[in-house]
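One structure below.
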Amino acid sequence: MSIFRYDTKKLQKHLLQRTLFVLSCVALFLVWSLYPLPRNERWEFFRVFAPFLGLLVVLLFWLQKKQVDLVSKGYVEVTESSLRQFDSRGFCSEILFSECESLKKDLFRAYPRLILETESRIYPLVNIENFDSFLQMIEEKTKKSAELDSEEESYFFSKRTFFFLLPSLIFGSLCLVPTGVSFFKAEIFNLVINANVIILFLYWKEKENPALPNFSMKRRMLFVALVLFGFQVWNGIGDALTFSR
């Protein structure tokens, strides 16, 4: 019998990157909000906003620690005839090697993943420590070779995302520089970056998660961006009508 843990170091690294990205976005929002204010009002705005920022930092790092703790308690046990997957609460799901019909390996959200398919179910195993050794053992037990799924998946921290958001970065830079053109202002920039995000997620490549087949991060983010864009347009129309009166 062999026991394989989850790679908590890799998980912690990715969670830290996500946390720092969220905090960077909040910091950019703070700078963007402070920039148009008079100097004597900036400190007052920051003093009101600082407690919320501190609470957000504590909450994000607490959630990160909790997620790592939950994953560290789970493990996978390989016996002669089966694979047993234990979660953080000790619940176990067992897969008989004799029932396995096929194996697939790929990268899922930058984590190595092995998918075991039976006649009735699909079992994804993600971010296993010593993945190559684990894969070799499963192939020996099932007497099957894992098929490589070479389909690419989109990642937020990539050159592709940078080029998709490049128009917003250029427009935002022009808004900060005094060009004398009234078009380059914060309200228009908010519309541009939101439209950019909508286009980004329209062409986002997302792999299916067999454990949560109805969950799609792409659909959720696209819905949020569309609602926000609609609100921005409606708010702009309302301001224009009020101005015309």
Side-chain angles (χ1 to χ4, degrees), residues 1-18 63-64 66-161 200-223:
M1 182 179 68
S2 300
I3 292 178
F4 292 87
R5 300 280 179 180
Y6 295 100
D7 194 344
T8 53
K9 290 183 179 179
K10 181 177 288 188
L11 173 65
Q12 196 166 18
K13 178 184 176 182
H14 288 177
L15 290 177
L16 181 60
Q17 289 176 344
R18 187 180 68 181
L63 289 172
Q64 177 182 317
K66 184 177 180 181
Q67 190 169 351
V68 172
D69 288 342
L70 287 174
V71 171
S72 64
K73 294 176 182 177
Y75 61 93
V76 174
E77 185 179 272
V78 180
T79 67
E80 286 297 324
S81 59
S82 67
L83 181 147
R84 297 170 185 169
Q85 188 176 18
F86 293 86
D87 63 15
S88 59
R89 295 171 294 178
F91 293 119
C92 171
S93 59
E94 186 172 15
I95 312 163
L96 295 176
F97 292 132
S98 57
E99 295 179 355
C100 181
E101 295 183 345
S102 66
L103 299 175
K104 290 182 181 179
K105 60 180 179 179
D106 65 356
L107 284 177
F108 179 72
R109 296 177 186 172
Y111 298 107
R113 178 174 69 168
L114 177 64
I115 300 176
L116 287 80
E117 294 187 16
T118 67
E119 186 177 353
S120 57
R121 287 189 62 184
I122 298 176
Y123 298 88
L125 297 160
V126 184
N127 195 30
I128 302 293
E129 199 172 31
N130 299 321
F131 182 78
D132 292 337
S133 300
F134 173 73
L135 175 62
Q136 183 180 359
M137 183 174 292
I138 298 301
E139 286 180 330
E140 290 175 357
K141 299 291 184 182
T142 58
K143 295 180 174 60
K144 297 181 184 299
S145 297
E147 179 185 349
L148 176 63
D149 182 1
S150 57
E151 180 185 358
E152 292 187 359
E153 187 178 32
S154 297
Y155 302 107
F156 195 85
F157 299 100
S158 64
K159 292 181 180 178
R160 184 175 182 272
T161 303
L200 171 66
F201 282 109
L202 277 174
Y203 291 94
W204 192 264
K205 297 178 181 179
E206 183 181 39
K207 287 189 176 181
E208 183 182 355
N209 183 2
L212 298 169
N214 296 323
F215 176 83
S216 172
M217 182 63 70
K218 173 182 176 178
R219 287 199 300 267
R220 290 193 177 194
M221 295 302 296
L222 192 56
F223 174 77

Self-check item: Reference residue Ile138; test side-chain contact (heavy atoms from CB on, under 4.5 Å); the match among Ile95, Ile128, Leu125, Leu114
Solution: Leu114
Quiz item: Of all heavy-atom pairs between Lys10 and Pro112, which one has the smallest distance, and what is that distance?
Solution: NZ-CD, 3.7 Å
Exercise. Given salt bridge (charged side-chain N to carboxylate O under 4.0 Å, His left out), test Lys104 with Glu147 step by step and report yes or no.
Key: CA-CA 5 Å; Lys104 290 182 181 179; Glu147 179 185 349; 5.4 Å; no
Quiz item: Any idea which heavy atoms bring Ser2 and Met137 closest together, and the distance?
Solution: OG-CE, 3.4 Å
Exercise. Report the distance from atom CG of Leu15 to atom NZ of Lys66, rounding to the nearest 0.5 Å.
Key: 13.5 Å
Quiz item: Between Phe4 and Phe134, what is the ring plane arrangement, given parallel below 30°, perpendicular above 60°, and tilted in between?
Solution: perpendicular
Self-check item: Closest non-hydrogen atom pair between Arg5 and Lys73, with its separation
Solution: NH1-O, 4.2 Å
Quiz item: So, for Glu94 and Ser82, which heavy atoms are closest and what is the spacing to 0.1 Å?
Solution: OE2-OG, 2.7 Å
Quiz item: Checking Asp7 side chain against Asn127 main chain: does a donor-acceptor pair fall under 3.5 Å?
Solution: no
Quiz item: Is it the case that more than 12 heavy atoms not belonging to Lys141 sit under 6.0 Å from its NZ atom?
Solution: yes
Self-check item: Contact check, side chains of Glu119 and Glu99, non-hydrogen atoms, under 4.5 Å
Solution: no
Exercise. Quick one: closest heavy-atom pair of Glu77 and Phe86, and the distance?
Key: CB-CE1, 4.0 Å
Quiz item: Side chains of Leu116 and Leu103: does their closest heavy-atom pair fall under 4.5 Å?
Solution: yes
Quiz item: How long is the gap from CG on Leu16 to CG on Leu11, to the nearest 0.5 Å?
Solution: 11.0 Å
Self-check item: Chi angles and distances behind the side-chain contact (heavy atoms from CB on, under 4.5 Å) call for Val76, Tyr6
Solution: CA-CA 8 Å; Val76 174; Tyr6 295 100; 3.8 Å; yes
